[in-house]
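A quick write-up on the structure given underneath.
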There are 4 protein chains.
Amino acid sequence: MTGTANETKGVDRTPRTARGTRTREKILRAAESVFAQLGYTEASIVRITEEAGVGQGTFYLYFESKLQVFEETVEDLNRRVRHAMSTAAAKGRNRIEAERLGFEGFFAFTAEHPALYRIIREAEFVSPRALKLHYSRIVDGYVDGLTKARDAGEIDTDPTVAAWALMGIGEMLGMRWVLWGDRADSGDVGPLAGETSQMPTEVLDEMMRFIQRGLGSRGAAAPDDREDQP
Amino acid sequence: MTGTANETKGVDRTPRTARGTRTREKILRAAESVFAQLGYTEASIVRITEEAGVGQGTFYLYFESKLQVFEETVEDLNRRVRHAMSTAAAKGRNRIEAERLGFEGFFAFTAEHPALYRIIREAEFVSPRALKLHYSRIVDGYVDGLTKARDAGEIDTDPTVAAWALMGIGEMLGMRWVLWGDRADSGDVGPLAGETSQMPTEVLDEMMRFIQRGLGSRGAAAPDDREDQP
Amino acid sequence: MTGTANETKGVDRTPRTARGTRTREKILRAAESVFAQLGYTEASIVRITEEAGVGQGTFYLYFESKLQVFEETVEDLNRRVRHAMSTAAAKGRNRIEAERLGFEGFFAFTAEHPALYRIIREAEFVSPRALKLHYSRIVDGYVDGLTKARDAGEIDTDPTVAAWALMGIGEMLGMRWVLWGDRADSGDVGPLAGETSQMPTEVLDEMMRFIQRGLGSRGAAAPDDREDQP
Amino acid sequence: MTGTANETKGVDRTPRTARGTRTREKILRAAESVFAQLGYTEASIVRITEEAGVGQGTFYLYFESKLQVFEETVEDLNRRVRHAMSTAAAKGRNRIEAERLGFEGFFAFTAEHPALYRIIREAEFVSPRALKLHYSRIVDGYVDGLTKARDAGEIDTDPTVAAWALMGIGEMLGMRWVLWGDRADSGDVGPLAGETSQMPTEVLDEMMRFIQRGLGSRGAAAPDDREDQP
DNA sequence: AATGAATGAGAGTTCATTCAT
DNA sequence: TATGAATGAACTCTCATTCAT
């Protein structure tokens, strides 16, 4: 139901004891960390198992291949980021508020787990399937919310197009202000530079104003009106 | 200032004859094609030189390393896509029209050279510097235009934030409708599936409506305007 | 025409210079020697390249895989043993004499290149195709000769069945008296014990008497008659 | 004298309970089956224990090593094939009839347990000792019978040489007509192709005629005799 | 008695780069 | 200028065997 397939290819790699489950978990966490630092290609099984503190062979007790952990890592992160977003968004009183809170959740998650962002980009070549699933799932969440909002007359845009636009805005601004932060102009923004920044409020405000008006939101009012509370 | 370093590291790798220049060019073109198909990691020097029809050793006559061709390829593509965009945009009579034409140029380029898109994503780990340069340069173009528009009172948004938002929208929608096209729902969107689609007009229309309103563009309150102010 | 396929799988591995040809040859000889000593499984690329005095990577310049060198080694040996056999047999004045000389050639070859025998046996699992080709080619030689002999009225047996019987006799007696020799009763007949023996004349005589009569050869005469010269 | 060493190397691996004996038996049967399908090298302990339905650790409760099960498997099969042969041969009224029945038993056994044939070939490198024991034991049986026949004046050949010749004929013809059968000409005769054929009567007839005459058997000048002495 | 967990040495193979011609 | 030859470090993955429960 959850996993990407852990029983494929003959051998059953499901842990059968509590100890095994713990070990598997350790490896998965180590993988996420290593992938985030080095990317898929540079990450090596040796490095992952070292970080997990287990022998090389142990890896293959619970995972089919490097690719499979990668996909599982992506799925795992995807699940978590969506959880973070929807939990945050649930507190919003209307679509726009929900959207803003959702983005806040997204940026906070990005700040804490830059892994997500980095990993996904390499998936383009490593596992197109994982890449597509990742974006599609997040977008589906947007589409749901936007469709309801449109049916309620809150906005007047095509939910699908708008959803992908939102996805793009979030990703690009997340990259620029959360991942790069102040180092945006220097050349030292590298995979190893793990420090992230918080999304500045002014940027978030401006971005939300853009989105709100873009969606044709009720209360989006005149050009200069930045708040919906009169 | 211009070149990505072709003179560094002792050896001078500049072609001295016309024949040399031609060979260098052949290799660069081959590299673009191979990177586009396989990504940076999977691409190999052997493959590139084969595709270029030269011997392996010849490669190092003109390039320092695999990384260097990669960066040069990115720069080259970046130059070309910006050219395509600005040429198209120049025909617009106002900011919004220019923006639409610019996007059309961008999507057309993407359709023809999916390389750009694919390559850039892997740069996240391969050469963060190249990645940042790429986005920043395109964004700079947006910022220029948007600043002028704002000063002219055409729009009322912060040019920088808006520029990155536009970049994100373009990239995400390009991925969804140009790169994936109809195959968006199936699992077979892979590096090898080289076919791209044209951006559908309805999507472009909807996207532009989103952007136009997002930017707070004067004239956004056109005939079919759905704003809530009576 | 000759080789098993050296151009398959994309990469062309044919040497292009004299130096390359020499290197390839060195590796092939080393492979034969290592396979003969250790068998396919225990033989390793490292061992082969060490014995050949080249780097590990060099191996893959000329061979696709361990399996491919193995098959090529088998083919090479097969060609050589058949050559040895037919050259020897050509001097015989009749079928029986030819057969005896052919066997002598076979046993001499086995004594000098125990590799052939050893290698072939493991092919059962490693490359059934190579195994079958090996036996079939030798048997084809027998069948040719026996068919002519039968048509000439020299013998009266079915050539195919007889050919396989001859193959079996030669192989088994070669193993017993050439490979094992005097060490037949001790336990130390191992892959590493490279020493072979000459086939004892008495055994060869007795074996030929068996074959000659088995084939229903003219002049095979009465039970005790061991020579065809009256 | 009997066992292949189950008590060596410190640890006693003899089953102490009926349950243990059953488990050991299960593993041995599984081993035979796996070895027959995959050969010694490809066979793995995991595979064997899976097929036996026991845990990996259990294996080492009853066997010292992979090599030891292999040797035991060979011995077991050897015992069984000799039993099959001698039982069949016992019904013969004279040496030639006994020989024919013995071969029939051998071919039938081969058809049912191709394992024997396959396994033995790899033993060349895996356990030369086991290989030699296997052949020697069968040959000893032949030698016994042939010696008696010679002393009784039934045949006039050297029992030892003839015995090895018979062994070779049986093995080669078994391979050709029982193991390969009709697939002899195609390339698909592989370890995985488990189907065997029955030895065709014509081939068996011809083979026996060859042997009978080869042995210089009295009564070889039977009705359909083709000897050249009028 | 029985088992899953764990290991590490070693296997085959790839590839960016340097060298000799 | 151009090229094929050569390399060795590094990678992913397998597996017989031992250990803890």
Could you give the [atom1]-to-[atom2] distance, from [X] to [N], as a whole number of Å?
X: F63(C); N: dA5(F); atom1: CZ; atom2: C1'; result: 15 Å
X: L38(A); N: dC11(F); atom1: CG; atom2: C1'; result: 14 Å
X: F35(A); N: dT12(F); atom1: CZ; atom2: P; result: 9 Å
X: Y62(B); N: dT3(F); atom1: OH; atom2: C1'; result: 12 Å
X: D12(C); N: dT3(F); atom1: CG; atom2: C1'; result: 15 Å
X: R47(C); N: dG10(E); atom1: CZ; atom2: P; result: 14 Å
X: R24(A); N: dA6(E); atom1: CZ; atom2: P; result: 13 Å

Return the set of residues passing side-chain contact (heavy atoms from CB on, under 4.5 Å) with [X] (not counting sequence neighbours), or none when no residue passes.
X: T17(A); result: R19(A)
X: I45(C); result: T49(C), F59(C), Y60(C), K66(C)
X: T23(C); result: I27(C), V54(C), T58(C), Y62(C)
X: A130(D); result: E71(D), V74(D), S127(D)

*Look at the side-chain N and O atoms of T23(B) and state whether any lies under 4.0 Å from the OP1 or OP2 oxygen of dT1(F).*
no

_Exactly one of E122(B), E124(B), R121(B) should register a side-chain contact (heavy atoms from CB on, under 4.5 Å) with E122(A). Which one does?_
E122(B)

*Going by heavy atoms in the side chains, are Q56(C) and V46(C) under 4.5 Å from each other?*
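Yes, at least one pair of side-chain atoms sits under 4.5 Å.
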
*Determine which pairs satisfy salt bridge (Lys or Arg N to Asp or Glu O under 4.0 Å) with at least one residue from residues 37-50 of chain C, sequence neighbours left out, and list them in order.*
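Residue pairs passing salt bridge (Lys or Arg N to Asp or Glu O under 4.0 Å), neighbours aside: R47(C)-E51(C).
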
*Taking protein heavy atoms under 4.0 Å as touching, what does nucleotides 13-20 of chain F look like 5' to 3' if B marks base contact, S marks sugar-phosphate-only contact and - marks none?*
BBBSBB--

*Residues that F70(D) engages under ring pair (Phe, Tyr, Trp, His ring centres under 6.0 Å), provided they are two or more places apart*: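 If we apply the ring pair (Phe, Tyr, Trp, His ring centres under 6.0 Å) test to F70(D), skipping adjacent residues, the hits are F35(D), Y40(D).
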
_Let me check the geometry of the helix from dA2(E)-dT21(F) to dT21(E)-dA2(F). What is the bend angle between the axes at its two ends, five pairs each, to 10°?_
10°

_My understanding is that only residues two or more places apart in sequence, or in another chain, count here; which of them pass side chain to side chain donor-acceptor pair (under 3.5 Å) with R29(D)?_
E25(D), D76(D)

*Find which nucleotide of DNA chain E each of T21(A) and T17(D) is nearest to by heavy atoms, and output the residue with the more 5' nucleotide.*
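Going by which nucleotide is closer to the 5' end, it is T17(D).
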
*DNA chain F: G55(C) or G53(B), which has the more 5' nearest nucleotide?*
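Going by which nucleotide is closer to the 5' end, it is G53(B).
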
